Amino acid sequence: MHRMERDTDHLESPAIVWFRGDLRLSDNEALAAACSHASLIPVYIRETSCSARPLGAARQWWLHHSLARLASDLENRGTPLVLLTGKPAELIPQLVKATGASTVYWNRRYDPAFSDADAALKAELQSDELVAESFPGQLLHEPTRLRTGSGTYYKVYSPFWRAIESGIENRPPLDAPESLKAFPGISRLESENLEDWGLLPTKPDWSGGLRETWTPGEAGARQRLADFLEDRLKGYSERRDIPGVDATSGLSPHLANGEISPAQIIEAMRDADTSASSDDRTTFRKEVGWREFSWHLLVNQPELAKKNHNSKFDDFPWLNDDEALVAWQKGQTGYPIVDAGMRQLWQTGWMHNRIRMVVASFLTKHLMIDWRKGEEWFWDTLVDADAASNAASWQWVAGSGADAAPYFRIFNPVLQGEKFDPQGDYVRRFVPELEKMPAKFIHKPWSAPDKVLKTAGVSLGDTYPTPIVDHKRARERALDAYKQIKDAA
DNA sequence: GACGCTTTGGG
DNA sequence: CCAAAGCGT
């Protein structure tokens, strides 16, 4: 068969659009490509027995709602969404056979755990004379392609950023297709019920705070972006560090679920006519850049969530202290800024970026617990849990990562609280038992005079924990441990 | 070969 | 002011 013939012929038959990490209709190249076909079959597969790490509970909650929105958005434009469970390598060919489709489109995902399987499926489909094509979209750059002058991947953010910065606005995002031509036999295809997938919590339903905080789905993502650009881009570079005010974009969970693309964000910001300074814009663009950098690292270092990027840390004497780990997880360390962060995470599925650094530093340095334990907890509880950002950022704080903070840079939880939450607004919101503490002592209640504690209704060790470690001693212990691996190398 | 690196703390 | 070190241009 001649290539030219096939290129026109295949448009006469339906195209399968395999949705994976891209739960949106706009800026979706795979979907756009399918629109030039006679009809299309959108499918989402709940993948079983694949090598990727299963989604954490918070992201499963999000996924349920995001898929529900995607299905209704597709329905409104003309086609249902087919839901299947199993192995794509079996299900996609079955779907091809059942529908007579000659084409399968999908957008690339970059988690190395999927790469081999996706490439193998593509090759298999193509060897059957089918068209199988993948498109970019989740990132602004192709993480495997970008190389330094000496041919290696980037290990330092600044040069990485300079390398992608200029090309960052080169891809104009696509509009959502106005209508979709459903495959005529689509309603007779086997499809499962989302409700049967068990993505939502049951026994205790802990999702109340998530529901109050978030609107999963493409429309929610677009709304949040619009609100951010209108209300919060101005002043972003300063205010983003203050956890007590709503100053960040809050787009991370939408990005993690592919409800919005980074190209859409960058473009919308360029068009946003606010009085935001160029500093505000650059700072935010660089945040998007960090996400790109993390994926660049993960793609080139597939073990990033498991292995120290700097192997010197393989000998670090981490402590196995389950009691301390649980206190950290539950927000019961006795350090208000740490506890506020951990409780925000549990209640809302999200934590302010600055506080993520503080709690991660506390776990890895004050408690000397392996960063992987923290990474796992975040993976399970964050609605924005992202395989690349989570691993890269934990290693950054722990000191073991690429371009990491030096290990000896140990955050002081009291000073961080006083500097970035001076009035204690953030602590008060998530640690209500300290609500009446005066600002002067809210980040160090143990140093408040008895009568201040009494007036505030705080009884240390009773209504609020005493610190589980002493800052000064913990700091010295961590630095001693670091000295061991430093001298050994 | 020089230069410039996200996010700090303590003495 | 110091606490590292090496990456990338």
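Sequence lines set the chain letters: A, B, ... in the order given, protein chains first and strands last, and positions in each chain run from 1. None of the values given here were measured: they were computed from a predicted structure.
Straight-line distance from the CZ atom of A/F293 to the C1' atom of B/dC5: 12 Å, rounded to whole Å. Distance CD1 (A/I355) to C1' (B/dT7): 12 Å, rounded to an integer number of Å. With rounding to whole Å, A/D241 atom CG is found 12 Å from B/dT8 atom C1'.
Under the 30°/60° scheme for interplanar angles, the aromatic rings of A/W197 and A/Y44 are found to be tilted. Ring geometry for A/Y335 against A/W446 counts as perpendicular: the plane angle is over 60°, on a 0 to 90° scale with 30° as the lower cut. The aromatic rings of A/F316 and A/W318 sit tilted, their planes meeting at an angle between 30° and 60°. Classified by interplanar angle (parallel below 30°, tilted 30° to 60°, perpendicular above 60°), the ring pair A/F160/A/Y154 is perpendicular. Ring orientation note: the planes of A/Y236 and A/F284 are nearly perpendicular, at an angle over 60° on the 30°/60° scale. Using the six-membered ring where Trp is involved, A/W346 and A/W377 have ring planes that are parallel, under 30° apart on the 30 and 60° scheme.
B/dG1 and C/dG6 have their C1' atoms separated by 15 Å, with the value rounded to a whole Å. Here, B/dG11 and C/dA4 have their P atoms 15 Å apart, quoted to the whole Å.
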Could you go over nucleotides 7-9 of chain C and give all protein N or O partners under 3.5 Å, atom names and distances?
unit_1: C/dG8; atom_1: OP1; unit_2: A/K155; atom_2: N; d: 2.4
unit_1: C/dT9; atom_1: OP1; unit_2: A/Y154; atom_2: OH; d: 2.7
unit_1: C/dT9; atom_1: OP2; unit_2: A/G149; atom_2: N; d: 3.0

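Screening residues 453-462 of chain A for salt bridge (Lys or Arg N to Asp or Glu O under 4.0 Å) gives no qualifying pairs among residues at least two apart or on separate chains.
A donor atom on one side chain and an acceptor atom on the other are not found under 3.5 Å apart for A/N412 and A/Q416. Side-chain atoms of A/W62 and A/E259 form a donor-acceptor pair, as typed in the model, at a separation below 3.5 Å. Using a 3.5 Å distance cut-off with no hydrogens or angles, the side chains of A/S261 and A/Q138 do not pair a donor with an acceptor. For the 3.5 Å distance criterion, the side chains of A/Q395 and A/S400 qualify, holding a donor opposite an acceptor.
Residues from residues 468-480 of chain A placing a heavy atom under 4.0 Å of any atom in DNA chain C do not occur. DNA chain B lies under 4.0 Å from at least one heavy atom of each of the following residues of residues 403-425 of chain A: A/R409, A/I410, A/F411, A/N412, A/L415, A/Q416, A/K419.
Contacts of A/R224 classified as salt bridge (Lys or Arg N to Asp or Glu O under 4.0 Å), with partners at least two apart in sequence or in another chain: none.
When each of A/F135, A/F19, A/W18 is checked for a ring pair (Phe, Tyr, Trp, His ring centres under 6.0 Å) with A/Y105, only A/F135 meets the rule.
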| note | Dot-bracket assigned to DNA chain C with the 3.5 Å Watson-Crick/G-U criterion, [ ] for crossing and | for other-strand pairs, is |||..||||
